[in-house]
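To start, the structure under review is shown below, and the notes come after it.
Atom set for the values below is all heavy atoms of this structure, side chains included, hydrogens, waters and symmetry mates excluded.
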Amino acid sequence: QVQLVESGGGSVQAGGSLRLSCAASGYTFSNNCWGWFRQAPGKEREGVAALFVLRNSTYYADAVKGRFTISQDNAENTVYLQMNSLKPEDTAMYYCAVLLRSGVCGLGRELYRSWAWGQGTQVTVSS
């Protein structure tokens, strides 16, 4: 059973930085697709960043390109999301996820059913 535990959320002023971590266990991880998603109150969950280990490729939502970086420590089964130049509109619950399908990766809604999700960590950015 996949377990994903996020940490690193908190409150920060606009322009600040946070690094989210996601510790994974209970699954044989190999060339997976890892993702970070977020959901603000009253809004749908949206993809923020994804990392396709098989192809060493990353994908980012337009809203975070150039500010957020997804990375992985394979030895520790840990995935990170470095968030810089944070804006109030980045305020949301952030969720770590691993795609339980092989050979594909991305942030599209067609893959939502195939993700295993963590419980989330709150990020609040004040102006």
Any link between V123 and W34 through a network of hydrophobic side chains (Ile, Leu, Val, Met, Phe, Trp, Tyr) touching at under 4.5 Å?
yes
Could you give me the CA-CA distance, side-chain angles and deciding distance for K87 and D90, then say whether salt bridge (charged side-chain N to carboxylate O under 4.0 Å, His left out) is met?
CA-CA 5 Å; K87 304 175 181 180; D90 295 319; over 6 Å; no
Which distance, rounded to the nearest 0.5 Å, do you find between the CG of L99 and the OH of Y112?
12.0 Å
As an exercise, state the distance from NZ of K65 to OG1 of T58, rounded to the nearest 0.5 Å.
9.5 Å
Is there side-chain contact between E6 and Y94, with at least one heavy-atom pair below 4.5 Å?
no
Could you check whether R45 makes a cation-pi contact with W117, meaning its NZ or CZ is under 6.0 Å from the centre of the six-membered ring and within 45° of the ring axis?
yes
Which heavy-atom pair separates R67 from S85 by the least distance, and what is that distance?
NH1-O, 2.9 Å
Does L86 reach the side chain of F68, with side-chain heavy atoms less than 4.5 Å apart?
yes
Calculate, to the nearest 0.5 Å, the distance between atoms CD and OG belonging to Q1 and S25 respectively.
9.0 Å
What one should report as the nearest heavy-atom pair of S21 and T78 is CB-CG2, 4.5 Å
Heavy-atom count around R55 CZ within 6.0 Å, excluding the residue itself: above 12?
no
For residues W115 and V53: do they belong to one hydrophobic cluster (side chain heavy atoms under 4.5 Å, members Ile, Leu, Val, Met, Phe, Trp, Tyr)?
no
Atom of L100, atom of A116 and distance for their closest heavy-atom approach
CD1-CB, 3.9 Å
Non-hydrogen atoms of N84 and S17 that approach each other most closely:
OD1-OG, 2.9 Å
Is there a side-chain contact between V64 and R38 in this structure, where contact means two heavy atoms from C-beta onward sitting under 4.5 Å apart?
yes
CG of L107 to OH of Y60: how many Å apart, nearest 0.5 Å?
10.5 Å
Check: I70 and Y59 side chains under 4.5 Å, non-hydrogen atoms:
no
Taking the side chain as everything from C-beta on, heavy atoms only, tell me whether F52 gets closer than 4.5 Å to V104.
no
What closest approach, in Å, do C33 and G106 show between heavy atoms, and which atom pair accounts for it?
SG-N, 3.8 Å
Shortest non-hydrogen separation from A24 to L4 and the atoms involved:
CB-CD2, 3.5 Å
Enter the distance from T121:OG1 to M93:CE here, rounded to the nearest 0.5 Å.
7.5 Å
Test your reading of the model: is there a side-chain donor-acceptor pair from Q119 to the backbone of V5, 3.5 Å cut-off?
no
Hphob cluster co-occupancy, V79 + F37, side-chain heavy atoms under 4.5 angstrom
no
Enclosure of Q39 CD (heavy-atom neighbours >12, cutoff 6.0 Å)
yes
To the closest 0.5 Å, what do you measure between CG (L51) and SG (C105)?
7.0 Å
Which of Y95, W36, Y80 passes side chain to side chain contact (heavy atoms under 4.5 Å, CB included) with L20? Answer is W36
